[in-house]
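Chain identifiers are assigned alphabetically (A, B, ...) following the order of the sequence lines, protein sequences preceding nucleic acid strands; residue numbering begins at 1 within each chain. If you're wondering where the values come from, they're calculated on a predicted model, not measured in any experiment.
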Amino acid sequence: MILVALIFFGLMLVGLPIGYVLGVAGTAGLVQVGGENFLAMAPKRFFEGLDLFTFMAMPFFIMAGEIMNRTGITTKIVEFADSLVGFMRGGLAHTNMVASVIFAGMTGAAVSDSAAFGNTLVPAMVKQGYSRSFSCAVTVAGSIIGPTIPPSNLMIIYGSLMGVSIAGMFAAGILPGLLICIVCMIYIAAVGKRKNLPVSDQGFSLKRVLKSFKSGFLALLMPAIILGGIIFGIVTPTEAAATAVAYAFFLGVVVYRSLTFDAIVQTLIRTSIITGVVFLIIASASILSWWMTYMQIPQKIATLFLSISRNPQVVISLILALLLIVGMFMDINAALIILAPVLGPLTATIGMDPVHAGVMIILSLNISLMTPPVGACLFVISSITGERIERISVDLWPFILLEVGVLFLVAFWPAMTLFVPGLLLGK
Amino acid sequence: MMIVISDVAEAFGRRLNWVVERICALLMATLVLVIWFEVLQRYVLHLGFTWGEEFSRYVMIWAALMAVPVGAYRREHIGLEFTLNALPPARRRLLRRVLDLIGLAFFLFLTSYGVGMAASGRTQYAAIFGMTMVVPFASVPVCGLLTSIQIVVTMLRDWAPKTGEVAP
């Protein structure tokens, strides 16, 4: 067991891609328990790890997001958000947050939010007089809303692997996502004067709100189509995702006419590359997770946690600490696939609702997307804007602390997470 | 000499990648069309077809696994960079080569054992539409082989020292 752990952590630390690390460590695990005879299991597990219909929602949500980005819909979302909150001190920072919420209803990954707003809102904020590091910090803090509010790739992975209702988790993610937006906006308002954040010369105008709503209406309909379809049980997540692609495609080709044949081919290629990177991690992780199950590692970790305390609050705190620390160093897809089978049953032992536990686990991994040293959103925004990670981190810490606060609220107040699923799904 | 080999490898890798990317796009487009058809036949046409889910699953696996070599060619499979970044250029290149060799070994292993798995698919059939499982299983060795080739290409491509770096 120690050898496999050494291979895993050693290769990860020296920089082997995580998709390869999981495969090599998993294969070493197979040899350790069954010698050469078990090697044939590796490609089988690799294949079976991907053979789940519910995974298909992921490439489709990725594709819908890619199409939306290419058709200039992001700009319309930003305009609408700006008409709502742009008049306040620090207007564009507030706009960034609200736009993240709307964007979150269309995309399943935080990095696509960072990329979209890093290219559009950060330059606009800098031009208006915000510091580059603060603009980046706001964008990264807002990106976390993306995979918290549905659709969410991580929820699809967790739901598929653990047999938890994806629709239930989607519904449960809405309030925590909105809460993150609200606390971040309160912080921006609170530091506005001290940081001397710019005030827009445009006041609030209902006329402008209606005008930008009308202009972006078709784009704003997208979250409603996705969420309405899934949450009200009309379609499955995969079907909703495919419908989202059809709708984005319709907007790009027929309505906005900005999607050329070449852009469609590039979108398909980009989608398959992003999918390929995530699916390699899933496939390789399923080799390692077989070994972990065989070695009864989930049970051993659960016993270890419960030996520290059987108090649910203490166990939940330990789980959150583990996830936040692991997420700091490991790709969150890999962390989720490896830790879900460990933590899922543990949360059940202490009596947590599976949907509540799933949302808590995913939110804590999402937060780790913005923590140094390896937060993916931090890297994306840094590479797009050229701002140094160290400088962004200084402005980002208050946001991280606030979002960790929301995480603890989610963890210890189940009613907040389960309120919407109860209302919509009767669960 | 090394520069010539590096250029030839890069030219070959680029062409291979161009073809594989188009195959990915085609598979992705097929996947979208199959699921659109599924939605349409389930809610509008009521044809009662049941093969869509199984067929689309295999197309999805092929599409995702064919994108793995594209990711390798573009170096999009990312790992932790801080150890690499902390090293001086010459050592960094050496470590990158070692990591590439480990990756290559894993994908060659996946190719060789994947061929065995695909061959075993001759006696297995897809549950609903009865296709031989050789076709879906073959995605693993094909992914392994193409990724191995692209890892070698990237190794050769990066072999020639860049400006300002010293060859180890």
Task: Which of B/Cys24, B/Pro69, B/Ala105 touches chain A most, by non-hydrogen pairs under 4.5 Å - done: B/Cys24

Open item on the list: With a 4.5 angstrom heavy-atom cut-off, is it the side chain or the backbone of B/Ser56 that approaches chain A, or both, or neither?
Closed with: both

Open item on the list: Using heavy-atom distances under 4.5 Å, tell me whether B/Pro136 contacts chain A through its side chain, its backbone, both, or neither.
Closed with: both

- [ ] Using a 4.5 Å cut-off on heavy atoms from C-beta on, say whether the side chain of A/Leu39 contacts that of B/Phe109.
- [x] yes

Task: Gap separating the CD1 atom of B/Ile61 from the OG1 atom of A/Thr275, nearest 0.5 angstrom - done: 13.0 Å

- [ ] Specify which of A/Ile274, A/Ile273, A/Asp51 makes the most heavy-atom pairs with chain B at under 4.5 Å.
- [x] A/Asp51

Task: Interface moiety of B/Phe137 toward chain A, non-hydrogen atoms closer than 4.5 Å - done: both

TODO: Report yes if the side chains of A/Pro59 and B/Met28 come closer than 4.5 Å at any heavy-atom pair, otherwise no.
DONE: yes

TODO: Tell me, yes or no, whether the heavy-atom count around A/Phe8 atom CZ, taken from other residues, nucleotides or ligands under 6.0 Å, exceeds 12.
DONE: yes

Task: Interatomic spacing from CG in A/Leu280 to SG in B/Cys143 - rounded to 0.5 Å - done: 7.0 Å

Open item on the list: Measuring from atom CD1 of B/Ile35 to atom CD of A/Glu239, what distance do you get when rounded to the nearest 0.5 angstrom?
Closed with: 7.5 Å

- [ ] Under 4.5 Å heavy-atom distance to chain A, tell me which part of B/Arg42 shows up: side chain, backbone, both or neither.
- [x] side chain

- [ ] Inspect the surroundings of CD in A/Glu390 and state if more than 12 heavy atoms from other residues, nucleotides or ligands are less than 6.0 Å away.
- [x] yes

Task: B/Glu21 with A/Arg270: basic N within carboxylate O range, under 4.0 Å - done: no

- [ ] Measure B/Ile151 against the heavy atoms of chain A and call it side chain, backbone, both or neither at under 4.5 Å.
- [x] side chain

TODO: Select, from A/Ala40, A/Ala246, A/Ala42, A/Ala283, the one with the greatest count of heavy-atom pairs under 4.5 Å involving chain B.
DONE: A/Ala246

Open item on the list: Would you say that A/Phe53 contacts B/Met60 through its side chain, given a criterion of any heavy-atom pair below 4.5 Å between the two side chains?
Closed with: no

Open item on the list: Nearest 0.5 angstrom please: A/Leu16 CG to B/Phe106 CZ, how far?
Closed with: 10.0 Å

Task: Minimum heavy-atom distance between A/Ala242 and B/Trp36, given as atom pair plus value - done: O-NE1, 2.9 Å

Task: B/Val32 vs A/Phe249 side-chain heavy atoms within contact, under 4.5 Å - done: no

Open item on the list: Do B/Tyr113 and A/Phe46 make a side-chain contact, defined as non-hydrogen atoms from C-beta onward lying under 4.5 Å apart?
Closed with: no

Open item on the list: With a sphere of 6.0 Å drawn around CZ of B/Arg122, does it hold more than 12 non-hydrogen atoms of other residues, nucleotides or ligands?
Closed with: no

Open item on the list: Measuring only between side-chain heavy atoms, which start at C-beta, is B/Val68 closer than 4.5 Å to A/Val277?
Closed with: no

Task: Student check: side-chain heavy atoms of A/Pro43 and B/Val140 closer than 4.5 Å - done: yes

TODO: Against chain A, label B/Ala29 side chain, backbone, both or neither, depending on which of its atoms sit under 4.5 Å from a heavy atom there.
DONE: both

TODO: Using non-hydrogen atoms and a 4.5 Å limit, figure out which bit of A/Ile281 sits close to chain B: side chain, backbone, both or neither.
DONE: neither

TODO: Please flag which part of B/Leu26 lies under 4.5 Å from any non-hydrogen atom of chain A: side chain, backbone, both or neither.
DONE: neither

TODO: For A/Ser272 and B/Ala25, indicate whether the former's side chain and the latter's backbone hold a donor-acceptor pair under 3.5 Å.
DONE: no

Task: B/Arg74 CZ: over 12 foreign heavy atoms closer than 6.0 Å - done: yes

Open item on the list: Given heavy-atom pairs under 4.5 angstrom as the criterion, report whether the side chain, backbone, both or neither of A/Ser284 touches chain B.
Closed with: side chain

Open item on the list: For a 4.5 angstrom cut-off between non-hydrogen side-chain atoms, does A/Tyr20 reach B/Ile102?
Closed with: no

Task: Most contacts with chain A, counted as non-hydrogen pairs under 4.5 angstrom, among B/Val70, B/Leu84, B/Val39, B/Leu110 - done: B/Leu110

TODO: Give the member of A/Thr236, A/Thr27, A/Thr238, A/Val265 that has the highest number of heavy-atom pairs under 4.5 Å with chain B.
DONE: A/Thr27

Open item on the list: Around atom CZ of B/Arg75, are there more than 12 heavy atoms from other residues, nucleotides or ligands closer than 6.0 Å?
Closed with: yes

